[in-house]
Enquirer: 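Handing you a structure now.
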Protein chains: 2
Amino acid sequence: MLGTSETMKPRAQSTRRKTRIQRENRERILEAALDVFSSYGFRGATVDQIAIAAGMSKPNLLYYFSGKEDMLQGLLDRLLDIWLAPLRKFDDRGEPLTEIRNYIKRKLDMARDYPRESRLFASEILQGAPHLKELLGAEIKQLIDSKVDVIQKWMDQGKLARCNPYHLLFSIWSTTQHYADFDAQLKVLLPAERYNDSRFEDAEQYLDLLFVQGLKPENSK
Amino acid sequence: MLGTSETMKPRAQSTRRKTRIQRENRERILEAALDVFSSYGFRGATVDQIAIAAGMSKPNLLYYFSGKEDMLQGLLDRLLDIWLAPLRKFDDRGEPLTEIRNYIKRKLDMARDYPRESRLFASEILQGAPHLKELLGAEIKQLIDSKVDVIQKWMDQGKLARCNPYHLLFSIWSTTQHYADFDAQLKVLLPAERYNDSRFEDAEQYLDLLFVQGLKPENSK
DNA sequence: GATAACATTTACCAATCGGTCAAAAATACA
DNA sequence: TGTATTTTTGACCGATTGGTAAATGTTATC
């Protein structure tokens with residue numbers, strides 16, 4: 001009973017190397033948490049729900065994560081890189097309109113392949129981004145500002161219509177993420193065959209037209 | 001104790017005309033509910049929270065509304081008309097690009113003046129629109145389809161670039177509502193003075209450029 | 001196969017959830 | 001004013017919430 005090592009946190013060890021089971025179960029839990037959080041929002045989700053979705057008991061889940069917040073933070077940290085990847089690829093050496101086109105394509109692919117991630121971000125921001133503000137303000141803000149500079153440079157070189165670069169980025173985010181975040185609406189409003197068979201192709205074709213024609217340099221005032 | 005009229009629902013009378021106090025308190029409650037629902041989502045909101053926001057006790061609130069769902073449904077019913085007003089004004093007799101421009105302006109005004117309403121809709125749709133599906137499928141779908149026809153007609157007449165009319169509407173919704181729904185993100189990413197002083201003016205100027213230039217008829221393939 | 005560390009479960013909290021009830025207080029109306 | 005109706009309140013309910021304690025079962029390692 002002499003305090004050799006049992007004074008350490010009984011939770012899944014923070015310093016020591018992680019077990020195979022720990023890696024696997026943390027992964028299963030995060031996957032389940034993504035499902036539940038993106039469906040009901042953080043406050044609407046329950047730990048029991050996530051535990052069931054992960055196929056384990058609640059106390060067992062809480063052996064790996066200290067609580068609801070911990071799971072959300074774990075998710076957001078991991079998701080950030082995936083979610084920012086398309087913007088990171090935004091290259092100032094390319095042809096402006098081609099780069100924008102490619103960026104839209106990549107964002108649409110993200111909306112199609114990672115809709116839950118998109119919805120989780122959306123629901124967090126919708127509620128004031130309480131768990132995201134730090135990440136947004138630091139890492140993301142710098143990335144954005146650097147890309148804004150690139151876009152500004154293109155406009156100064158006459159390769160792109162003069163416009164507000166921030167709002168240009170916002171419009172690409174909103175139009176593309178819309179296909180993940182508002183999917184329930186699309187499903188109701190779009191003709192069934194258009195929704196099932198070609199909504200992402202149609203979206204890409206339309207957005208290509210809108211942005212490429214809309215941002216052509218000769219169109220600037 | 002003879003059953004003369006006390007077998008009626010003790011809730012706020014459904015058939016009988018409404019009292020002044022009833023009108024006022026129902027209004028206060030819906031206002032508070034809008035605040036809370038739009039901040040935390042339906043499942044994340046609590047009746048106590050709404051009661052406190054409305055300045056009354058929970059049992060008192062439940063004297064006017066039968067429960068959480070009842071408040072949400074009351075809100076959604078009332079909000080629908082406000083929210084669809086800009087689209088209703090979309091006029092097929094006008095100049096296409098001017099109509100689109102005006103529509104964008106009206107939608108931006110909505111995002112600025114009714115951000116909570118926008119967020120409530122967004123959070124409902126994000127979670128699969130469980131309470132909205134009926135309304136979406138019926139009333140809204142018809143309105144959308146009629147406006148899609150108008151846009152199609154304009155394109156057939158060569159007054160508008162050929163593109164998918166559904167996705168055209170989606171892109172207007174997403175870009176404009178973005179300024180209400182993702183406000184927390186804008187606040188972090190936009191330079192402070194740009195956010196505080198001119199985000200909606202900047203948005204309007206940018207979106208005018210994007211849509212008007214992007215949808216000019218000569219630009220169609 | 002002993003043993004120490006890891007993993008899981010059962011039983012259980014206190015707090016909060018949506019909602020009810022009956023009685024009291026305020027109001028409207030004669 | 002008296003009285004019927006409407007409005008408000010405090011006390012309370014069972015269910016669910018996030019989370020814990022302690023005992024039990026399972027693994028890896030020697």
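Chain A is the first sequence line, chain B the second, and so forth, proteins listed ahead of strands; every chain is numbered from 1. The shown structure was predicted, so the numbers you read here are calculated from the model rather than taken from an experiment.
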Enquirer: Whole-Å distance between C:dA7 P and A:Ile29 CD1?
Expert: 11 Å
Enquirer: What is the distance, to the nearest angstrom, from the CG atom on A:Asp70 to the P atom on D:dT20?
Expert: 12 Å
Enquirer: Nearest 0.5 angstrom please: A:Leu210 CG to A:Leu215 CG, how far?
Expert: 7.5 Å
Enquirer: Considering only distance and modelled atom types, tabulate donor-acceptor pairs under 3.5 Å from the side chains of residues 123-130 of chain A, sequence neighbours left out.
Expert:
from, atom 1, to, atom 2, distance (Å)
A:Glu124, OE1, A:His131, ND1, 3.0
A:Gln127, NE2, B:Tyr40, O, 3.2

Enquirer: Ignoring backbone atoms, test whether A:Tyr63 places a side-chain nitrogen or oxygen under 4.0 Å from the OP1 or OP2 oxygen of C:dA7.
Expert: yes
Enquirer: In residues 182-193 of chain B, what donor-acceptor pairs under 3.5 Å come from side-chain atoms, sequence neighbours left out?
Expert:
from, atom 1, to, atom 2, distance (Å)
B:Asp183, OD1, B:Tyr195, OH, 2.8
B:Asp183, OD1, B:Arg199, NH1, 3.0
B:Asp183, OD2, B:Tyr195, OH, 3.1

Enquirer: Report, one pair per line, the protein and nucleotides 22-30 of chain C atoms (nitrogen or oxygen only) whose separation is under 3.5 Å.
Expert:
from, atom 1, to, atom 2, distance (Å)
C:dA28, OP1, B:Arg20, NH2, 3.3

Enquirer: Checking A:Tyr166 now: which residues fulfil ring-ring contact (aromatic ring centres under 6.0 Å, His included) with it, not counting sequence neighbours?
Expert: none
Enquirer: OP1 or OP2 of D:dT6 sitting under 4.0 Å from any side-chain N/O of B:Gln22?
Expert: no
Enquirer: Check whether any side-chain nitrogen or oxygen of B:Ser57 sits under 4.0 Å from OP1 or OP2 of D:dT9, and answer yes or no.
Expert: yes
Enquirer: To the nearest Å, give me how far apart CE (A:Met56) and C1' (C:dC6) are.
Expert: 14 Å
Enquirer: Whole Å only: how far is the CG atom of B:Leu61 from the P atom of D:dT8?
Expert: 11 Å
Enquirer: Checking A:Tyr103 now: which residues fulfil ring-ring contact (aromatic ring centres under 6.0 Å, His included) with it, not counting sequence neighbours?
Expert: A:Phe90
Enquirer: Who pairs with A:Asp149 by side-chain contact (heavy atoms from CB on, under 4.5 Å), at least two apart in sequence or on another chain?
Expert: none
Enquirer: Mind calculating the distance between CG (A:Asn60) and C1' (D:dG19) to the nearest angstrom?
Expert: 14 Å
Enquirer: Distance check needed: C:dA7 C1' versus A:Glu24 CD, whole Å only.
Expert: 13 Å
Enquirer: At under 4.0 Å between heavy atoms, which parts of nucleotides 11-18 of chain C does protein reach? Answer with one letter per nucleotide, 5' to 3': B base, S sugar-phosphate only, - none.
Expert: B-----SB
Enquirer: How many Å lie between CZ on B:Phe65 and P on C:dT20, as a whole number?
Expert: 15 Å
Enquirer: Is any side-chain nitrogen or oxygen of B:Asn25 closer than 4.0 Å to OP1 or OP2 of D:dT6?
Expert: no
Enquirer: In whole Å, I'd like the distance from the CD atom of A:Glu69 to the P atom of D:dG18.
Expert: 11 Å
Enquirer: Taking the basic N atoms (NZ, or NE/NH1/NH2) and the acidic carboxylate oxygens, is any pair closer than 4.0 Å for B:Glu24 and B:Arg28?
Expert: no
Enquirer: State which residues pass side-chain contact (heavy atoms from CB on, under 4.5 Å) with A:Asp113; sequence neighbours excluded, sorted by chain then number.
Expert: A:Asp109
Enquirer: Would you give me the side-chain donor-acceptor pairs under 3.5 Å for residues 72-82 of chain A, sequence neighbours excluded?
Expert:
from, atom 1, to, atom 2, distance (Å)
A:Arg78, NH1, A:Glu27, OE1, 3.0
A:Arg78, NH1, A:Glu27, OE2, 2.7

Enquirer: Just to confirm, is there a sub-4.0 Å distance from OP1 or OP2 of C:dT8 to any side-chain nitrogen or oxygen of A:Tyr64?
Expert: yes
